[in-house]
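For reference, the structure is listed below as structure tokens.
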Amino acid sequence: MSEHPYDISKHIRGYLIIGGALILGTVLTVLASFIDLGHHWNVVLALVIATVKASLVALYFMHLISEKQLIYTVLGFTAFFFIGLMFITIAAYHDHPALTTTN
Amino acid sequence: MMDFFSKILFLPVLAGENGQAVDDLIIYVHWLMILLFVGWFSYFVYTLWRFNVKRHPKADHVGVRSHASSYIEIAVVVAELVLLIGFAIPMWAKASNVTKLPDYKDATTIQIVAQQFAWNARYAGKDGVFGKQDMTQVAENNLFGVRADDANGKDDVQVLNEIHVPVGKPIICQVSSKDVIHSFKVIALRVTQDAIPGMRIPCWFKATKEGRYQINCAQLCGNGHSSMSGGFLVVESQEAYDKWLTSKTGGAASFE
Amino acid sequence: MEIPYTTKPRPDTGLYNAKVGIWLFLASEVMLFGALFSSYILLRVGAFVENWPHGLLNVPIGTVNTIVLIVSSITVVMAWASLKMKNFGKFKFYQAITVLCALMFLGIKSFEYRDKFTHYEVWKTDGTRMTGHIEGKPMFLTLAKVKAAGKEKIGFIPDPYHYSASKEVKHTAKEHPGEHKTVEIAVSEIKRLSAFVPAHSTYFAIYFTLTALHGLHVLGGAIVIGFLFGPGSKMWHSDPERFTNRVEVAGLFWHFVDLVWIFLFPVLYLL
Amino acid sequence: MQATTHNVAHGGADEAHHHEPGFMQKYVFSTDHKMIGIQYGLTALVFLLFGFCLMLCMRWQIAHPGQPIPLVGHLLERVLGDVAKDGKMSPDLYNSFGAMHGTIMVFLAIVPLAFGAFGNYVVPLQIGAPDMAFPRVNMASYQFYVLGGIIMFVSFFIPGGAAQAGWTSYSPLATSIPTHGQAFWLIGMVFLISSSLLGAVNFIATIIQLRAPGMTWMRLPFFVWAQFVTGFLLLLAFPPLEAAGVMQLMDNLFGTSFFLPTGLAVGGRLADISGGGSPLLWQHLFWFLGHPEVYVLILPGMGIVCEIIANNTRKTIWGYKSLVYSVLAIGFLSFIVWAHHMYLTGMGTKISAFFQTTTMIISIPSVILLTCFFISLWGGSIRFNTPMLFALAFLPMFGIGGLTGLPLGLAAADLHLHDTYYVIAHFHYVVAPGTIFAMFAGVYYWYPKMTGRMMSEFWGKVHFVGSFIFMNIVFQPMFFQGMAGMIRRMADGGANYSAAHNPGAIGGLSASMMGLHSVILWGAVGLAVSQIPFILNVFISMKNGKPANDNPWDATTLEWQTPTPPPHGNFAHAPTVYRGPYEYSQPGAKKDFTPQNQA
Ligand code: HEA
Ligand code: HEA
Ligand code: CUA
Ligand SMILES: [Cu+2]
């Protein structure tokens, strides 16, 4: 593609740094789970770290950061429908008047 | 006019108060549908005749230039919006509202639990309070999961298939199922509610005519789905209903 | 007429065919795992706390496995970069590590599975429940099997503490560690008995479904990468550019598998 | 002036393949999109016929509950065993046939026919590509489909028979039936879904990457657009069902409780499960697929109809751009309307308002599509050949089906109509006289390209008239039955709920409604008979049909600008496209059509 050998070699340092960051992130997640922030905040924190890690993988390892418009469009729709599936389902579920038969 | 449409659409007899809203909506939508269909269909037949290859051997290069179609489309949008906002959404709130029920104090509450392939109903009995339930205690002889340790449950009434309710009074049914999904449907009252195991979903109706109504199971529930027709909703006067309930109270402990 | 753009990118989209293909495939994978994640959330939010066990997975092992997968993700991109720099030897080196990491991940995972299959929970008729091991370390034992074997008692080695629903309860349980010795439980007192298998609870059900599906992806990825490392690498000599693209596409899939795990790990092990 | 790439094509094919492929390679393990398309088509037609045969048995049972099925009853007993004792249909068998009719029609007949067969055959040709982007993936997609089909088919013969919980497979029913039919169904579905996913990836990549020079997005034939959107629907909507299928399989085989709540008491006993699952979760995941799926069934049909209307009015399609935007809008919106199948699960006002609104919105682009087709007719010079007759009939049939979707989309009206024959009639009007007619139209239209021979016009018209009349006789009465409250999936056609069976009860089905059953039965038999000319026509015309030239319909799109049948590689070199897809009756042109590749 457009990359030439020399500018690939520049990327390599980047890959190693990202890799280090990912491992660090893993350790952080585990440590964070031992601190009791109250259940909700623990969940939020863990998911935030995971999202950051996932973004690093997607952006750098998967070269999304230098990818073409087309792929963004596909992924954009996918993300939208995924979020729709998740949130609408959960919203619908909780718009029900009764969830269990125990009273 | 409404009656006439109700007839040509083959809507069945109506004996429930909320049902009027349902029927009205069905009729309004069908007006729109018939209008659209007849309009387009006449146009369609005319075009096929008018532009037949024999009558019109050379096609025009430019087609329709007028904006008629846009106006029609806009009209359809408006009509649908009116139906939706003016009727459908409020009617859902009224006809089968599961969130805004009539006051429990004014209503008769019954629990309905479907099973393969029959309908169980449970009444609160004289004290008007249901005994507590716990679904982990469900058993063959206790399919409402009634807890034996709750005194309120002592006078509860439980019946199979013959469900009596008073006429002219709001009835709240808490619908559930013990095995698979069924659907509680009384056609003449225009009430339908899926009976889903693990959930207890309220729905309500007010019967306007006394009678013995067929209860339909509207959801495929196994090989007995088509023969789950033994359930009847008996709508009777308040006195008759009270008498019936008292006559049943003796056997309250039927689940034991 | 030959199929165009198998190697060279199409000018207006800037992509070669296989790359479009893999990204589309990954989009569908997002929906696949997305649906499972949605189910996880829905089941969990609707669950009674006491039916959603905590702390039954081995966090250190999970952490190690996460790191193994991350390392493989680094090496797979390095392998591709080596090809871009026309260094076939380095490619072989990195790709070998990737395959090893994949196998290591699967090995560790199967060890974890095995561990779960021999770990039990008993629900007693008096409403109490405890976790631990059964004497003789049987796998997949159920109450029905015990009864069929005509046993009257089982020897049960309870865990140091009994987990139960909420964290508070768990903490108190930790303060009163149960004795680490065998107790006898009469079969008649047992209401339910289950190893930590999918049927144990919706938690383990979704845990096994998600990790097994992920494991299958790891396996699939390992096979593809193994092929590109081994017999498939001959293509380097005939059509280096196309081979590099193949490595890139396989790498994209591999990163995705890693990415899924990045979410699975905290969600299943830690929360 | 016509085809630029025409004469050299045969020579070009040789470059790609130096040796003549053997029989297996050519007909069974082919990677050529045209052969795969034909394989898909024939397999799917066989399944279509099979699905219809199941339904014929069911319609007999509905009209004459408990009486032995004529002709095939004893054969059924022989091969299926006790479920068809004495040649009578037991409720179990009825439920199996019903579930499998739905499944087979949707996943094994229409999707493979509309997407697999026509898409495969026509799309690469229409965009001027040599093949699909990934020919071997294409072959795998067909093989997965066949495998899935075999698994589904075999499940009829296992003890207890095929799946019985409806094509919707609602849990807990799907888990509580004590046979393995459901497991087969689920495993079969996993294969079918994988097949569709592979196909979808391939189609989308092909359309994005392999368009010939000059074939810009706005010059794509509408059929390609329809397939493109269909591809996305398959790509993004199928995986959630795959996930759900895996979970239900776990429930069935490994005793998990994904979809089983606490306190489930099947057969009077508390089930030995952990509980804690949710039956509604299955419904959400199923319908998240289910609704996009129905557009998968209709959009390719729309595409075919569009091609044929443009060709046979000798006029460009009116509002090409609005067609494209509408089909994109439908694709997008179809992902957010799914819960309109679930209004009666006790849905609250807020969520139901949301889904009623999206459902009404999605009907608008459908209205626009139909309007464009209607208006395209105006000013044309309409040829009534067989493909055109089917394409024209599609319009009002889809119109009836679509319009009757509106009351279903409004929750309060659905309250009365849900799970009645009104729903059955609604969707059959869209998929049977709708999509099936579009499929027939496509077969008659592209048959000469595939085989080099025309199908008989006369027998085509006989087929059309019979199908048109009998389809309506079959499905029209169902609206009235449904309105009167006849519930679907009744193994006895509602006899137990009839007024005659329950004297004194209000709300039973009247004798006249029950009487319509025999009308429908004979309609269905008539429909079956009307297919005979078609089947014969398909096979006989292969040898004896009138030879067709390369462009027998005088069409503009690229598939007609290459030899008939097209060689391996389709075109000698990529055709260049200079104009839009439907340039008919251009002023000043010598002929009344100007091919896309004509400069
Ligand atoms: C190809 C398949 C297909 C298509 C295109 C549609 C299209 C639509 N469907 Fe349908 N539907 C199904 C297949 C389909 N459906 C199936 C299979 C089921 C049942 C599944 C099951 O339960 O087993 C179902 C069930 C179903 C339900 C659930 C009913 C219930 O179970 O209670 C609902 C509710 O909203 C619904 C609504 C709609 C709507 C609003 C449209 C709209 O998109 C329609 C828009 C179209 C129009 C509005 C027509 C416009 C035409 C004109 C304006 C001109 C007319 C005039 C002439 C032609 C002369 N459908
Ligand atoms: C694409 C989908 C599709 C199609 C095309 C059809 C087509 C037909 N369906 Fe089906 N149907 C469903 C999908 C479909 N159906 C679904 C999803 C259900 C719900 C299932 C459930 O409840 O779970 C259902 C349910 C259903 C019921 C309700 C059963 C019940 O609730 O108990 C009925 C009842 O009459 C019915 C009838 C018919 C009929 C008469 C046809 C006819 O139109 C069939 C016409 C077919 C042909 C005319 C065959 C043509 C074939 C050829 C010509 C072969 C050529 C061969 C070669 C050349 C080799 N269907
Ligand atoms: Cu109960 Cu159908
Ligand atoms: Cu729908």
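So you know, we letter chains A, B, ... as the sequences are listed, proteins then strands, and number each from 1. Because the structure is a prediction, the values reported are computed rather than measured.
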### Query
Which bit of A133(D) is near chain C, if near means a heavy-atom gap under 4.5 Å: side chain, backbone, both or neither?
both

#### Entry: Residue F258(D) versus chain C: region with a heavy atom under 4.5 Å
both

### Atom CZ of F33(C) with >12 non-hydrogen neighbours under 6.0 angstrom
yes

## Note on the structure
Rounding to 0.5 Å, atoms CD1 (I273(D)) and OG (S194(C)) come to a distance of 12.5 Å

### Message
If you compare all heavy atoms of A243(D) against all heavy atoms of L36(C), which two are closest, and at what distance to 0.1 Å?
### Response
CB-CG, 3.8 Å

### Message
Using modelled atom types and a 3.5 Å cut-off, is there a donor and acceptor pairing between side-chain atoms of E29(C) and backbone atoms of P239(D)?
### Response
no

### Task
Sort out for me which of N17(C), T202(C), I206(C) touches chain D most, counting heavy-atom pairs under 4.5 Å.
N17(C)

### Message
What part of L235(D) gets within 4.5 angstrom of chain C, counting heavy atoms only: side chain, backbone, both, or neither?
### Response
both

#### Entry: Pick from A144(C), A35(C), S38(C) with the largest number of heavy-atom pairs that fall under 4.5 Å of chain D
A35(C)

### Query
Which region of V201(D), side chain (C-beta onward) or backbone (N, CA, C, O), has a non-hydrogen atom less than 4.5 Å from a non-hydrogen atom of chain C, or is it both or neither?
both

### Message
Report which part of L236(D) has an atom under 4.5 Å of a heavy atom belonging to chain C: side chain, backbone, both, or neither.
### Response
both

#### Entry: Residue pair R10(C) / R211(D): nearest heavy atoms and the distance that separates them
NH1-O, 3.0 Å

### Option in I208(D), D131(D), V246(D), L285(D) with maximal non-hydrogen atom pairs under 4.5 Å from chain C
I208(D)

### Point-to-point distance, once rounded to the nearest 0.5 Å, from CH2 of W123(C) to OG of S274(D)
7.5 Å

## Note on the structure
Under 4.5 Å to a heavy atom of chain D? For L213(C) that would be neither

### Task
Identify the two heavy atoms, one from L210(D) and one from P4(C), that lie closest to each other, and give their separation to 0.1 Å.
CD2-O, 3.6 Å

#### Entry: Any side-chain heavy-atom pair of F232(D) and L24(C) under 4.5 Å
yes

## Note on the structure
Turns out that what part of F238(D) lies under 4.5 Å from chain C's heavy atoms comes down to neither

### Task
Find the distance between OG1 (T256(D)) and CZ (F204(C)) and round it off to the nearest 0.5 Å.
13.5 Å

### Query
Does a sphere of radius 6.0 Å around NZ in K151(C) hold more than 12 heavy atoms from other residues, nucleotides or ligands, not counting ones at 6.0 Å or beyond?
no

### Closest contact, heavy atoms only, E2(C) versus P130(D)
O-CG, 3.3 Å

### Task
First locate atom CD of E242(D), then atom CE of M31(C), and finally report the distance between them rounded to the nearest 0.5 Å.
12.5 Å

### Query
Given that the side chain runs from C-beta out, which part of L42(C) has a heavy atom under 4.5 Å from chain D: side chain, backbone, both or neither?
side chain

### Message
With a 4.5 angstrom heavy-atom cut-off, is it the side chain or the backbone of M247(D) that approaches chain C, or both, or neither?
### Response
side chain

